[in-house]
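This report concerns only the one structure given below.
In what follows, every heavy atom counts, from backbone to side chain, and hydrogens, waters and symmetry copies are set aside. For clarity, every value in this text was computed on a predicted model and none was experimentally measured. Along the sequence shown, residues carry numbers from 1.
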Amino acid sequence: MPYVVTRSCCADASCVLACPVNCIHPAPGEPGFGRTEMLYVDPRTCVDCGACTTACPVDALKPHTRLTEAELPFLELNRAYYEAHPHEDRAPMAVVPPQRRTTAAELRVAVVGAGPAGLFAADELLRYPGVTVTVHDRLPTPYGLARAGVAPDHQDTKRVARLFRAVESQPGFSYRLNTEIGRDLHHEDLVRDHHAVVYAVGAAGDRRLGIEGEDLPGSASATDFVAWYNGHPDHSTTPYALDGERAVVIGNGNVALDVARILTADPDTLSRTDISDRALAALRTSRVREVVVLGRRGPAEAAFTLPELLGLAALDGVDILVQGWPADVPPDATPKTGVLAELAARTPVPGRRRIVLRFRTRPVRILGEDRVTGLTVETDGAVETVEASLVLRAIGYRARPVPGLPFDETTGTVPHERGRVRPGVYVAGWIKRGPNGFIGTNKSCAQETVSALLDDLEAGLLTAPAGGEPASGGHPEAVGLDGWRAIDDGERAAGRRQGRPRVKILDREELLAAARSASGRPRARFLRS
């Protein structure tokens, strides 16, 4: 088995298309592509050429001889996948569908949201002649959750930024960052100045528990906590109660595991990442020694992915334990339960920090008067109190209504048909499909939306923009591509001096000051892309 995929990947199919022998699956057009947790390399046909490693934007592929001990379980995952899915009848990867062409001399599109969904949508649009795309975001920095949501100890996943920098470099691309739609500009401005508007605003809110004590100091959203340690300017100064020995995370998805890892990580290890300096300072003085992760469902139904669980199980210096294995769940029911059963059999090492996974446990009430002191939970009918000074809910993101667009409160999405809200207005990403999938899922999602947009263009359903210079380009504090590159260059230069990927600028005004420094240009000119 010459090469192995070692983590959840971006699923943009770069490695699939680079492989000369079609040995990486599921491939585009096959069941599961864009929805599976990872891709797999067929050991029977891999010729050890290395083309996949050079194509992978997140360095997820490794020769089997270079796997670390923690990565060895991916060998078994690879074998098991091809045992269940042999892919004997393979479609030839050389078949390329005809390139579509726009029917207008120009097509001017506004994209709202500079995260993965918005940038993949821009990339799809810029494949066609005559298209210009302006990407708007309320923050002075792009990349959305790829910058402010991926855990700092997952620097390999953050390498997806290479793809985004390539998108930014295309002719016809421009930014209008630090521009909030509904405040600095309005939906009507964008519609007037563009043939079409694509909203890719994600899901900035979070779901609530709906239990007593949820609003006590010390009870917070994991969404906000993740933004805090990633240096999001809206959350970088938020204080968190790290003065107790136990924290509880409610929810058992990947975000819950991220939070548990960061709370128990060695700060010296985190100091080599792009974690917020303020968060790092707080974690250095943290007294948290144990993080309990509570899940309502059983081990087989846990929401976290297998690659994330394997990464957690391989942590050095932290005990990963499973408390109270359900008697009715066979340890070998799924690959996930197999790993969890192994964790359940581990003996803790005295003095180590620990992460405890508990299943079929429901939070009933968060306890405390002036601040959180614990919570009441129910497990299989038995009620108990768990002492804790910090409770973080990690039960899912939720989108907020978009001014000017319909909104379904039940699903937390904008109603649409293949991404079309109405001719000229479209959605992509989590605001379209809900908070699910991986970074690479946004690529196929964007393709569908752009296809609907081009269908409307060809049907003559798009209205030409008003003449003259777009009013939506005149916001005086907007940050263009040059401004973002000045921020990016400054952060990475500061990182090199400290042996880190980057040192993030945490305050909005400092970010804007860095943007204005782009090539010494005055404010009026840093709007240009």
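For the pair V329/R360, a side-chain contact is recorded, criterion being any heavy-atom separation below 4.5 Å from C-beta on. For the pair L242/L283, a side-chain contact is recorded, criterion being any heavy-atom separation below 4.5 Å from C-beta on. At a threshold of 4.5 Å between non-hydrogen side-chain atoms, the residues L125 and F120 do not count as touching. Counting only heavy atoms from C-beta outward, the side chains of R365 and E214 never approach each other to under 4.5 Å. With a 4.5 Å cut-off on side-chain heavy atoms, T376 and L367 count as touching. Side-chain contact check for L357 versus N252: every heavy-atom pair is 4.5 Å or farther apart. Contact of the I505 side chain with the T141 side chain is not registered, since no non-hydrogen atoms from C-beta on lie closer than 4.5 Å. Taking 4.5 Å as the limit, some side-chain heavy atom of F74 sits within range of a side-chain heavy atom of P307.
In this structure, L340 CG and I320 CD1 are separated by 11.0 Å, a value rounded to the nearest 0.5 Å. To the nearest 0.5 Å, atoms OG (S221) and OH (Y397) are separated by 8.0 Å. Taking CD of Q498 as the start and OG of S271 as the end, the distance is 9.0 Å to the nearest 0.5 Å. Interatomic distance, CG of L315 versus CZ of R354, reported as 15.0 Å (0.5 Å rounding). The distance from the CG atom of N78 to the OH atom of Y40 is 8.0 Å, given to the nearest 0.5 Å. Taken from CD in E168 to CG in D488, the straight-line distance is 8.0 Å, to the nearest 0.5 Å.
Heavy-atom minimum distance, A121 versus V198: CB-CG1, 4.5 Å. The two residues D137 and G115 make their nearest non-hydrogen contact at OD2-N, 4.4 Å. Considering every non-hydrogen atom in both A388 and V248, the closest pair reads CB-CG2, 3.7 Å. For the pair I431 and R400, the tightest heavy-atom approach, listed with the atom from each and the gap, is CD1-O, 4.0 Å. What you find for F225 and L263 is that their closest heavy atoms are CZ-CD2, 3.6 Å. Minimum interatomic distance between D42 and P86 (heavy atoms only, all atoms of both residues): OD2-O, 4.4 Å.
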N/O donor to acceptor pairs below 3.5 angstrom from side-chain atoms of residues 160-167, sequence neighbours left out:
none

Can you give each donor-acceptor pair under 3.5 Å made by side-chain atoms of residues 289-296, sequence neighbours left out, with the distance rounded to 0.1 Å?
{"residue": "R289", "atom": "NH2", "partner": "G351", "partner atom": "O", "Å": "2.7"}
{"residue": "E290", "atom": "OE2", "partner": "R246", "partner atom": "NE", "Å": "2.7"}
{"residue": "E290", "atom": "OE2", "partner": "R246", "partner atom": "NH2", "Å": "3.3"}

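A salt bridge is defined here as a Lys NZ or Arg NE, NH1 or NH2 lying under 4.0 Å from an Asp or Glu carboxylate O, and D266 with R353 fails to meet this definition. A salt bridge links R500 with D277: at least one charged nitrogen is closer than 4.0 Å to a carboxylate oxygen. A salt bridge between R398 and D206 is absent, with no side-chain N of the basic residue lying under 4.0 Å from a carboxylate O of the acidic one. Using a 4.0 Å cut-off between charged nitrogen and carboxylate oxygen, R362 and E384 do not count as a salt-bridge pair.
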Notebook entry, point to check: side-chain contact (heavy atoms from CB on, under 4.5 Å) between D224 and T238: does it pass, once the steps are laid out?
Noted result: CA-CA 9 Å; D224 293 346; T238 304; over 6 Å; no
Check: Given L280 and T273, is the side-chain contact (heavy atoms from CB on, under 4.5 Å) satisfied, shown in steps?
Finding: CA-CA 10 Å; L280 180 63; T273 73; over 6 Å; no
Next item on the list: Might you work through the side-chain contact (heavy atoms from CB on, under 4.5 Å) test for T305 and L309, ending with a clear yes or no?
Entry: CA-CA 6 Å; T305 62; L309 178 62; over 6 Å; no
Item checked: side-chain contact (heavy atoms from CB on, under 4.5 Å) assessment of V41 paired with V4 -> CA-CA 6 Å; V41 181; V4 183; over 6 Å; no
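Formation of a donor-acceptor pair under 3.5 Å by the K336 side chain with backbone atoms of P299 is not found in this model. Distance alone, capped at 3.5 Å, places no donor-acceptor pair between the T379 side chain and the A382 backbone. Although no hydrogens or angles enter the test, the distance criterion places no donor-acceptor pair under 3.5 Å between the side chain of Y426 and the main chain of A200. Counting only distance, with no hydrogens or angles, the side chain of S451 and the backbone of E448 share no donor-acceptor pair below 3.5 Å. In this structure, the side chain of E71 engages the main chain of T68 through a donor-acceptor pair within 3.5 Å. At distances below 3.5 Å, not a single donor-acceptor pair connects side-chain atoms of D408 with backbone N or O atoms of T413. Judged by distance alone, with hydrogens and angles left aside, the side-chain atoms of R433 form a donor-acceptor pair with the main-chain N or O of N436 at under 3.5 Å. Counting only distance, with no hydrogens or angles, the side chain of N442 and the backbone of I439 share a donor-acceptor pair below 3.5 Å. Judged by distance alone, with hydrogens and angles left aside, the side-chain atoms of E301 form no donor-acceptor pair with the main-chain N or O of R297 at under 3.5 Å. Proximity of a side-chain donor or acceptor of S389 to a complementary backbone N or O of D243 within less than 3.5 Å is not detected.
In D268, the CG atom is crowded: over 12 heavy atoms of neighbouring residues, nucleotides or ligands sit closer than 6.0 Å. Around the CD atom of E342, the shell of radius 6.0 Å holds more than 12 heavy atoms that belong to other residues, nucleotides or ligands.
The residue from R159, K158, R492 that alone fulfils the salt bridge (charged side-chain N to carboxylate O under 4.0 Å, His left out) condition with D274 is K158.
No side-chain donor from either of R418 and T449 sits under 3.5 Å from a side-chain acceptor of the other. In the model, S236 has a side-chain atom that pairs as donor or acceptor with a side-chain atom of R278 under 3.5 Å.
Remark: H235 engages H232 in a ring-ring contact (aromatic ring centres under 6.0 Å, His included) (not counting sequence neighbours).
Note on ring orientation: taking the six-membered ring where Trp is involved, the planes of Y240 and W228 are tilted (angle from 30° to 60°).
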